[in-house]
Amino acid sequence: ERFDALLFNPPFHDAEPRTPDERAWCGGEVVRRCLARAREHLRAHGALYMIMPRIDQRRYERELSRWSLERAASLGCEKLRGFKLSANWC
């Protein structure tokens, strides 16, 4: 199924969870999987909206390079940013 928009508020820390409790805040692989596969679930002009700490833009640079990135909001003195990611359709 394809959608006009997907919303994603991922766990922020790029670490492998070691305990069930850590799954709430360790999500590097979840973010990478979402960025790799979200396009499969979007219509041609759809967008992925996601909240991401500013520092994570560098951490996920390779995965984000496949998307057109537009800052949609800033939260908490610029530490968190909301982004609209549009697929770079070929």
Side-chain angles (χ1 to χ4, degrees):
E1 191 168 355
R2 294 191 179 260
F3 303 93
D4 292 324
L6 297 174
L7 306 175
F8 186 41
N9 183 6
F12 293 125
H13 298 284
D14 188 15
E16 198 61 39
R18 293 170 290 175
T19 67
D21 290 340
E22 287 183 358
R23 290 188 184 280
W25 56 273
C26 293
E29 187 55 37
V30 172
V31 173
R32 287 181 182 85
R33 196 168 54 240
C34 176
L35 291 170
R37 300 195 58 203
R39 184 174 301 167
E40 300 168 20
H41 302 284
L42 289 170
R43 291 191 176 124
H45 298 286
L48 167 64
Y49 292 88
M50 105 186 252
I51 295 173
M52 181 184 305
R54 185 176 53 188
I55 62 167
D56 283 347
Q57 280 183 260
R58 291 184 300 262
R59 188 172 291 144
Y60 301 113
E61 187 173 10
R62 184 173 60 90
E63 292 86 356
L64 289 169
S65 69
R66 298 175 40 204
W67 296 85
S68 296
L69 189 66
E70 176 185 332
R71 192 166 85 183
S74 294
L75 312 161
C77 299
E78 292 288 312
K79 290 183 181 178
L80 286 178
R81 292 180 174 171
F83 291 99
K84 175 184 178 184
L85 290 83
S86 302
N88 293 327
W89 300 100
C90 299

Might you point out which heavy atoms bring L42 and R2 nearest each other, and give the distance in Å? O-NH1, 2.8 Å
Considering residues at least two apart in sequence or located in another chain, which fulfil the side-chain contact (heavy atoms from CB on, under 4.5 Å) criterion with D21? T19
Are M50 and L35 close enough that some pair of their side-chain heavy atoms sits under 4.5 Å apart? yes
Tell me, do F83 and E70 make a side-chain contact under 4.5 Å, heavy atoms counted? no
Sorted by chain and number, sequence neighbours left out, side-chain hydrogen bond (donor to acceptor under 3.5 Å, both in side chains) with D4 holds for R43
Quick one: are L48 and R39 in side-chain contact, heavy atoms under 4.5 Å? no
Partners of E22 by salt bridge (charged side-chain N to carboxylate O under 4.0 Å, His left out), sequence neighbours excluded? R18
Check the hydrophobic clustering (I, L, V, M, F, W, Y; side-chain heavy atoms under 4.5 Å; chains of links allowed) and say if W67 and F3 are grouped together. yes
Tell me the closest heavy-atom pair linking F8 and V31, and the distance in Å. CE2-CA, 4.1 Å
Who pairs with A47 by side-chain contact (heavy atoms from CB on, under 4.5 Å), at least two apart in sequence or on another chain? Y49, K84, S86
Got a sec, which residues hit side-chain hydrogen bond (donor to acceptor under 3.5 Å, both in side chains) with R62, two or more places apart in sequence or on another chain? none
Contacts of P11 that satisfy side-chain contact (heavy atoms from CB on, under 4.5 Å) - sequence neighbours left out: none
Sequence neighbours excluded, which residues qualify as salt bridge (charged side-chain N to carboxylate O under 4.0 Å, His left out) partners of R32? D14, E63
Rounded distance (nearest 0.5 Å) linking atom CG of L69 with atom CG of L64: 6.0 Å
Set of residues satisfying side-chain contact (heavy atoms from CB on, under 4.5 Å) with respect to R58, sequence neighbours excluded: I55
